[in-house]
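Notes for the one structure printed next.
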Amino acid sequence: MKKALLKLAALAAIAASTLFAQDITGTWQGTLTIPNAKRDLRTVIKIAKADSDKYKATFYSIDQGGQPLGGSATLQGSTVKMVLPGLGASYEGKLDTDGVNMTGTFTQGGQLPLNLKKVNASEAWEIPTPPPVLKPMAKDANPSFEVATIKPGDPSRQGRGFGVRGREFSTLNTTLNSLIVFAYGVHPRQIVNGQPWMDEDKFDILAKPDGEGQPSDAQWKLMLQKMLTDRFQLKFHHEKKELSVYALVAAKTGPKLTKSEGDPNGLPGLFFRGLGNLPARNANMGDLAGLLQSAVLDRPVVDQTDIKGRYDFELKWTPDENQFQSLGMKVQPPAGADSLPDLFTAMQEQLGLKLTSTKADVDVLAIAHVAKPSGN
């Protein structure tokens with residue numbers, strides 16, 4: 001009798017395993033209901049096989065333009081888990097026995113119910129045609145800002161940063177030092193002989209380029225360099241100085257990065273959702289190193305990964321009191337900080353990258369002359 005029960009249990013286990021060995025590849029869709037929003041958001045997720053036990057997931061928010069966002073998915077029993085690093089989001093759902101319906105939760109800051117259904121081509125919602133991509137500006141172009149408005153920042157307004165929308169460049173509450181950091185790709189410690197107001201006075205900038213086409217990242221920075229010379233009368237010379245730096249290298253485990261579905265010639269998107277919460281889209285290792293040195297760390301960061309290409313990823317950590325000083329922000333532990341590692345551990349565990357402390361001769365910008373900006 002006991003042997004018979006064991007056989008029945010084994011058969012049940014095999015049946016359950018077979019039952020949930022579902023094929024989750026294909027197109028899944030459902031509606032994301034957001035409290036207090038004017039409309040629901042139709043969501044499409046396309047899942048394809050990546051290797052023996054992993055899947056590639058591409059996410060589309062139909063009512064928000066339908067731009068593709070890359071991610072990954074796993075299937076364990078009846079549980080499907082997806083990670084969308086470029087959104088700082090994840091999804092966990094349970095398959096029904098028919099393998100056609102999935103009941104789950106979408107997490108991005110908060111948690112929202114999202115039930116998905118596997119559909120065929122005739123049932124699938126149409127993914128909007130993305131807006132036409134502007135023709136890139138000629139690589140040999142030498143652009144300048146045709147129009148540039150500089151205004152004092154509003155001290156009562158929260159936030160700080162840089163943005164590009166189409167052919168429009170803007171900054172919010174940026175100091176001259178932060179403009180130099182962005183334009184020349186240096187750490188604040190690489191700016192010497194400056195004046196106190198360079199790190200105190202804040203400016204809002206709105207500018208548009210001359211010429212035709214969509215500028216590259218390097219061309220936007222070139223235009224900003226020209227504007228700093230023209231409007232801030234910035235003059236400096238280069239020196240070499242040995243400084244303590246962090247070398248960004250690949251960890252022994254190898255990188256853990258999701259190849260971006262974005263335009264390989266497009267601009268990167270790295271925007272903090274809070275201190276210690278960094279989702280990134282279409283970014284390369286130089287972009288990551290640049291952001292870490294300009295906004296987070298107290299020393300320059302040198303990219304030594306030799307990793308090419310653009311990736312989507314998410315980095316979450318508990319910041320310490322020595323981080324984000326260049327933004328003039330006081331670090332407070334984020335919600336759930338007890339479960340988050342420090343930056344150096346998070347880099348290895350989440351991205352397969354490593355920050356190594358060392359010393360190196362780096363370029364330093366020695367300020368010779370600067371003035372508050374000329375009128376518009």
Side-chain angles (χ1 to χ4, degrees), residues 58-62 64-70 86-87 127-151 159-174 176 178-186 203-234 257-271 279-291 294-295 303 307-313 365 373-376:
T58 305
F59 175 93
Y60 304 84
S61 182
I62 299 299
Q64 292 179 308
Q67 297 293 328
L69 288 168
L87 279 180
I127 296 173
T129 302
V133 177
L134 287 173
K135 182 180 178 181
M137 184 174 281
K139 290 184 179 180
D140 60 354
N142 186 23
S144 301
F145 284 133
E146 183 177 39
V147 178
T149 302
I150 304 175
K151 296 181 179 180
R160 179 176 177 178
F162 299 81
V164 172
R165 175 175 288 185
R167 281 171 47 87
E168 184 177 271
F169 174 86
S170 64
T171 79
L172 174 67
N173 281 339
T174 46
L176 176 55
S178 63
L179 293 170
I180 295 172
V181 164
F182 180 81
Y184 290 95
V186 296
F203 305 95
D204 295 345
I205 298 174
L206 187 62
K208 295 182 180 180
D210 59 10
E212 297 182 353
Q214 179 66 36
S216 66
D217 185 53
Q219 287 168 331
W220 283 117
K221 291 178 179 178
L222 174 62
M223 288 184 278
L224 183 55
Q225 292 172 16
K226 291 181 178 180
M227 190 200 72
L228 294 177
T229 299
D230 179 40
R231 302 290 292 277
F232 288 85
Q233 300 177 41
L234 175 65
L257 302 164
T258 301
K259 188 173 178 59
S260 178
E261 299 287 339
D263 180 358
N265 298 312
L267 297 175
L270 300 97
F271 303 100
R281 293 177 56 189
N282 205 35
N284 60 34
M285 295 299 96
D287 297 324
L288 175 59
L291 183 67
S294 65
D303 174 23
I307 296 173
K308 309 300 182 184
R310 293 176 179 264
Y311 301 89
D312 296 340
F313 53 85
L365 310 186
S374 57
N376 297 309

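Small disclaimer: the values here were computed from a predicted structure and weren't measured. Side chains included, hydrogens not; waters and symmetry mates left out as well; all remaining heavy atoms used. All residue numbers refer to positions in the sequence shown, counting from 1.
Distance CG/L134 to CZ/R167: 7.5 Å, rounded to 0.5 Å. Interatomic distance, CZ of R310 versus CE of M285, reported as 11.0 Å (0.5 Å rounding). If you take CG on L234 and CD1 on I180, they are separated by 5.0 Å, rounding to the nearest 0.5 Å. Of the inter-residue distances, the one linking S61 atom OG with Q67 atom CD reads 10.5 Å to the nearest 0.5 angstrom. Rounding to the nearest 0.5 Å gives a distance of 9.5 Å between OG1 of T229 and CG of L224. Annotation: the span from D303 atom CG to L288 atom CG amounts to 8.5 Å, rounded to 0.5 Å.
Nearest approach of S170 to L206, heavy atoms of both residues: CB-CD1, 4.1 Å. Among all heavy-atom pairs drawn from M137 and P215, the shortest one is CE-CG, 3.8 Å. The two atoms that bring P143 and Q219 nearest to each other are CG-CB, 4.0 Å, heavy atoms only. Among all heavy-atom pairs drawn from T174 and T171, the shortest one is OG1-OG1, 2.8 Å. A pairwise comparison of heavy atoms in L270 and P268 identifies CD1-CB, 3.7 Å as the closest pair. For the pair P209 and M223, the tightest heavy-atom approach, listed with the atom from each and the gap, is CB-SD, 3.3 Å.
With a 4.5 Å cut-off on side-chain heavy atoms, D263 and Q214 do not count as touching. Annotation: side chain of P68 is in contact with side chain of Y60 (closest heavy-atom distance under 4.5 Å). Annotation: side chain of Q225 is in contact with side chain of Y184 (closest heavy-atom distance under 4.5 Å). Two residues are said to be in side-chain contact when any heavy atoms from C-beta on lie closer than 4.5 Å; I205 and T149 fail this criterion.
Just one residue in the list T258, D312, L267 forms a side chain to side chain contact (heavy atoms under 4.5 Å, CB included) with R281, and that residue is D312.
Classification of the W220-F169 ring pair by plane angle, with boundaries at 30° and 60°, yields parallel. Ring pair F203/F232 is perpendicular by interplanar angle, where above 60° counts as perpendicular and below 30° as parallel.
Side chain of D204 to main chain of N173: a donor-acceptor pair is present (N/O by atom type, distance under 3.5 Å, no hydrogens or angles). Between the side chain of D210 and the main chain of S144, a donor-acceptor pair closer than 3.5 Å is present.
Figure legend: K221 and F182 shown as a cation-pi pair, the cationic atom lying under 6.0 angstrom from the six-membered ring centre and within 45 degrees of its axis.
Counting non-hydrogen atoms of other residues, nucleotides and ligands closer than 6.0 Å to CD of E212 gives a total of 12 or fewer.
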>> Run the side-chain contact (heavy atoms from CB on, under 4.5 Å) test on L69 and T58 for me, step by step, so that the C-alpha distance in whole Å, both residues' side-chain angles and the decisive distance to 0.1 Å come before the verdict.
In response: CA-CA 6 Å; L69 288 168; T58 305; over 6 Å; no

